[in-house]
Amino acid sequence: MPTSRVRPVRITLLLTLLAQTAGSQIISARQPRLRDQWTFGGSFFAGIPVGEFRHSEDGGGGGQFMVGFQPFRRQPLVVRSQVGALVYGTASAYGYQDVC
């Protein structure tokens with residue numbers, strides 16, 4: 001009975017020693033570059049009309065793009081610019097058109 005309890009302890013100890021050895025083999029870090037301070041992002045989304053607007057529109061879609069720059073490394077400040085657009089489908093209400 002005592003040997004069955006010793007084996008998991010030995011395996012745990014061996015795995016702990018291997019993890020510490022693997023973690024200590026880090027090669028020197030590369031020098032920081034200016035391009036590391038830039039961030040980019042983007043997304044797509046859908047628009048679902050509600051209320052009276054739903055009677056004349058069938059839905060839409062859009063997207064957004066984000067560019068950011070972190071002027072000081074290791075600081076939480078990021079100067080960010082964001083552009084987005086949402087475009088709905090064609091209007092189906094013909095009663096209010098002035099021109100044929």
Side-chain angles (χ1 to χ4, degrees):
M1 289 277 176
T3 52
S4 64
R5 292 183 183 170
V6 172
R7 187 169 185 211
V9 172
R10 286 183 181 176
I11 292 173
T12 305
L13 182 61
L14 178 65
L15 290 175
T16 304
L17 291 173
L18 286 175
Q20 289 177 353
T21 304
S24 65
Q25 297 189 11
I26 298 174
I27 301 173
S28 64
R30 64 177 176 80
Q31 294 296 321
R33 296 182 217 159
L34 183 63
R35 70 178 179 201
D36 294 338
Q37 294 172 263
W38 288 92
T39 59
F40 300 97
S43 65
F44 296 102
F45 47 86
I48 301 171
V50 294
E52 292 291 323
F53 190 57
R54 187 174 188 180
H55 297 297
S56 61
E57 295 290 338
D58 56 356
Q64 97 181 13
F65 181 70
M66 184 273 301
V67 176
F69 181 73
Q70 185 178 11
F72 308 107
R73 289 180 54 93
R74 302 174 190 247
Q75 296 294 325
L77 174 69
V78 176
V79 179
R80 189 169 106 166
S81 176
Q82 189 168 338
V83 176
L86 174 66
V87 179
Y88 279 97
T90 60
S92 61
Y94 297 109
Y96 301 108
Q97 290 184 349
D98 293 336
V99 180
C100 292

Filter on side-chain hydrogen bond (donor to acceptor under 3.5 Å, both in side chains), then keep only pairs touching residues 36-47, sequence neighbours left out; what's left? Arg30-Asp36
In the structure I gave you, are the side-chain heavy atoms of Val78 and Phe69 within less than 4.5 Å of one another anywhere? no
Could you tell me which non-hydrogen atom of Tyr88 sits nearest to which non-hydrogen atom of Pro49, and how far apart they are? CE2-CD, 3.9 Å
Grouping I, L, V, M, F, W and Y whenever their side-chain heavy atoms are under 4.5 Å apart, do Leu86 and Val50 come out in a common cluster? no
With clusters defined by side-chain heavy atoms of hydrophobic residues (ILVMFWY) lying less than 4.5 Å apart, directly or transitively, does Phe65 cluster with Val87? no
Residues that Gln82 engages under side-chain hydrogen bond (donor to acceptor under 3.5 Å, both in side chains), provided they are two or more places apart: Gln64, Arg80
Connected hydrophobic set around Leu77, excluding itself, where side chains approach under 4.5 Å: Phe72
Could you identify which residues cluster with Val79, counting Ile, Leu, Val, Met, Phe, Trp and Tyr as linked when any side-chain heavy atoms lie under 4.5 Å apart, either directly or through a chain of such contacts? none
Check side chain to side chain contact (heavy atoms under 4.5 Å, CB included) between Ile48 and all other residues, then give those that pass, not counting sequence neighbours. none
